[in-house]
Amino acid sequence: MTRLSVEMLAADPVEPITSAGHAQLGIAVLLGIAVIVLLITKFKLHAFLSLTIGSLALGAFAGAPLDKVIASFTAGLGSTVAGVGVLIALGAILGKMLADSGGADQIVDTILAKATPRSMPWTMVLIASVIGLPLFFEVGIVLLIPVVLMVAKRGNYSLMRIGIPALAGLSVMHGLVPPHPGPLVAIDAVDANLGVTLALGVLIAIPTVIIAGPVFSKYAARWVDVPAPDRMIPQRASEQLDKRPSFGATLATILLPVVLMLLKALVDIIIDDPENVVQRTFDVIGNPLIALLVSVIVGIFTLLRPAGFGKDRLSGLVEKGLAPIAGILLIVGAGGGFKQTLIDSGVGQMVLDISKDWSIPALLLAWLIAVVIRLATGSATVATVSAAGLVAPLAADMSTTHAALLVLAIGAGSLFFSHVNDAGFWLVKEYFGLNVGQTIKTWSVMETIISVVAGALVLLLSLVI
């Protein structure tokens with residue numbers, strides 16, 4: 001959602017759709033979340049349907065008229081998709097261009113050619129973090145798995161010593177750094193500054209990924225010593241191409257949206273004059289939609305043309321890039337609907353009222369709420385959007401930096417202990433040929449380390465900025 005639309009909504013205050021007291025609202029929230037958890041875990045219902053039904057159940061338990069609950073849910077769904085949907089679509093297109101042009105392979109091969117055995121885990125973190133910037137987590141895994149398996153097999157490395165750093169790089173980007181869907185939705189919910197959140201997210205991501213990646217992989221390799229499974233090494237995109245884009249052009253294309261958004265944040269801090277022509281110019285080019293759109297257009301010339309893609313292949317590539325995100329858009333949209341139902345029911349204000357009597361910091365409260373929902377539902381995205389809706393009122397009196405830290409606290413909590421109700425858990429298990437116990441010892445522990453370290457760094461930063 002753009003700042004303009006947020007201000008328009010704020011200018012039209014919405015009366016709570018129910019007059020229920022704090023006790024009934026609290027019970028309604030617990031029952032609503034329980035419905036979502038039960039539908040996702042027990043009945044294996046898609047998260048979109050689960051969130052939709054859970055939103056209606058929340059309103060019913062809170063004693064709200066059903067027509068008002070439906071209106072709140074659809075308004076939240078629409079505003080979330082309007083604000084975040086285009087960004088997710090552009091990110092998906094850029095990721096598809098990166099994969100199909102062989103640009104991702106070019107970055108991987110160039111970096112690996114310069115890596116030594118001692119530096120290989122650190123190299124894998126670097127690769128995953130760079131590749132993970134424009135890609136969804138699941139897409140990043142599919143893209144990097146062939147590299148991880150080939151490096152482990154070719155260099156006779158422990159699979160965990162190579163694989164954990166790569167997974168850590170992808171996961172940290174997914175949870176903490178926009179333009180990934182989770183952080184974008186949280187930024188939208190609490191009206192945080194995207195550039196500041198991006199800068200602080202990168203600052204927190206660096207030490208977090210080091211601890212959860214190369215450092216933890218030493219122990220993971222001792223706990224689980226498995227070879228790379230041959231059956232999971234698929235053909236790489238660039239094996240079907242006669243040529244591919246250069247390393248420099250590919251890297252510049254990937255980093256372009258991040259650089260544009262960071263420049264906007266820097267200009268806003270230095271100039272701080274909304275009427276200034278320079279600031280207004282950077283406000284436009286640093287807008288996430290424009291930044292990603294520019295990168296996609298640039299990618300046509302830096303990625304697709306060098307790989308020999310003609311005009312006829314561009315349309316098909318875009319269609320293939322957009323197809324997989326339909327489910328993600330629906331989940332994110334339904335999460336926005338659930339968030340709006342929480343807010344319109346008065347739950348957000350209830351959390352604000354109750355938290356005034358607690359000694360627990362707002363950032364820690366946001367982290368804990370995200371942790372609970374993550375453990376229950378298994379979805380980092382569901383945890384992010386639900387927690388953001390619950391704690392959004394806490395951001396009203398926060399500074400720009402603390403609002404950004406609130407987003408990052410939610411993102412950190414949403415990554416806590418991935419287990420059997422998380423699709424990512426099974427994805428890692430199958431690709432790496434692990435059993436459930438081995439996956440918990442490696443992947444689940446790694447996710448918990450990311451969550452705890454990032455959460456702690458958020459709290460530490462809040463004391464100094």
Side-chain angles (χ1 to χ4, degrees), residues 40-41 117-118 120-125 127-129 132 137-138 140-142 144-153 155-176 205 207-233 367-368 370-380 383 411-457:
I40 291 176
T41 59
R118 188 179 183 84
M120 192 60 71
W122 300 88
T123 302
M124 295 309 300
V125 162
I127 292 173
S129 298
F137 177 78
E138 292 80 2
I141 284 186
V142 173
L144 281 179
I145 286 300
V147 179
V148 170
L149 298 181
M150 284 188 290
V151 169
K153 194 168 187 67
N156 197 27
Y157 296 108
S158 163
L159 180 58
M160 292 299 105
R161 191 75 173 107
I162 302 300
I164 288 295
L167 293 174
L170 287 175
S171 187
V172 169
M173 292 294 119
H174 173 72
L176 299 179
T208 300
V209 78
I210 289 173
I211 295 171
V215 174
F216 171 65
S217 68
K218 294 180 181 179
Y219 303 95
R222 296 173 191 168
W223 299 341
V224 178
D225 186 12
V226 293
D230 293 330
R231 63 183 179 85
M232 296 306 298
I233 304 181
W367 183 85
L368 288 172
V371 165
V372 171
I373 299 174
R374 159 68 159 179
L375 288 173
T377 65
S379 169
S414 74
L415 298 176
F416 191 88
F417 195 75
S418 163
H419 59 99
V420 294
N421 62 355
D422 177 19
F425 178 93
W426 299 104
L427 197 61
V428 172
K429 174 187 176 298
E430 294 302 317
Y431 266 121
F432 282 179
L434 307 175
N435 59 39
V436 170
Q438 291 172 329
T439 311
I440 290 175
K441 288 180 182 178
T442 52
W443 162 254
S444 300
V445 173
M446 181 207 78
E447 287 282 88
T448 304
I449 292 172
I450 291 173
S451 179
V452 172
V453 171
L457 290 173

Closest approach of [X] and [Y], non-hydrogen atoms and distance?
| X | Y | answer |
| --- | --- | --- |
| Ala220 | Ile164 | CB-CG1, 4.1 Å |
| Pro207 | Leu457 | CG-CD1, 3.6 Å |
| Ala383 | Ala370 | CB-O, 3.6 Å |
| Ala166 | Val148 | CB-CG2, 3.8 Å |
| Ala380 | His174 | CB-NE2, 4.2 Å |
| Pro121 | Pro214 | O-CG, 4.1 Å |

Val372 and Leu368: CA distance, side-chain angles, deciding distance, side-chain contact (heavy atoms from CB on, under 4.5 Å) verdict: CA-CA 6 Å; Val372 171; Leu368 288 172; 5.6 Å; no
Chi angles and distances behind the side-chain contact (heavy atoms from CB on, under 4.5 Å) call for Val452, Phe416: CA-CA 8 Å; Val452 172; Phe416 191 88; 4.0 Å; yes
Tell me every residue that passes side-chain contact (heavy atoms from CB on, under 4.5 Å) with [X], counting only those two or more places apart in sequence or in another chain.
| X | answer |
| --- | --- |
| Val436 | Val420, Phe425, Trp426, Lys429, Ile440 |
| Leu434 | Met160, Val224, Val226, Phe432, Gln438, Thr439, Thr442 |
| Ala212 | Ala168, Met446, Ile449, Ile450 |

Any donor-acceptor N/O pair, Ser444 side chain to Ser418 backbone, under 3.5 Å: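 Side chain of Ser444 to backbone of Ser418: a pair is present.
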Main-chain N/O of Leu167 paired to Ser171 side chain as donor or acceptor, under 3.5 Å: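 No.
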All pairs passing side chain to side chain donor-acceptor pair (under 3.5 Å) where residues 214-229 contributes a residue, at least two apart: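 As it turns out, the side chain to side chain donor-acceptor pair (under 3.5 Å) pairs with a partner in residues 214-229, which skip direct neighbours, are Arg161-Ser217.
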Residue pairs fulfilling salt bridge (Lys or Arg N to Asp or Glu O under 4.0 Å) with at least one residue in residues 439-453, sequence neighbours excluded: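 Listed by first then second residue: Arg374-Glu447.
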Ser451: side chain to side chain donor-acceptor pair (under 3.5 Å) partners, not counting sequence neighbours: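 Result, side chain to side chain donor-acceptor pair (under 3.5 Å) vs Ser451: Trp367.
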Rounded distance (nearest 0.5 Å) linking atom OG1 of Thr448 with atom CH2 of Trp443: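 Between Thr448 OG1 and Trp443 CH2, I get 10.0 Å after rounding to 0.5 Å.
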Val215 vs Ile210, side-chain contact (heavy atoms from CB on, under 4.5 Å): CA-CA, chis, key distance, verdict: CA-CA 6 Å; Val215 174; Ile210 289 173; 4.3 Å; yes
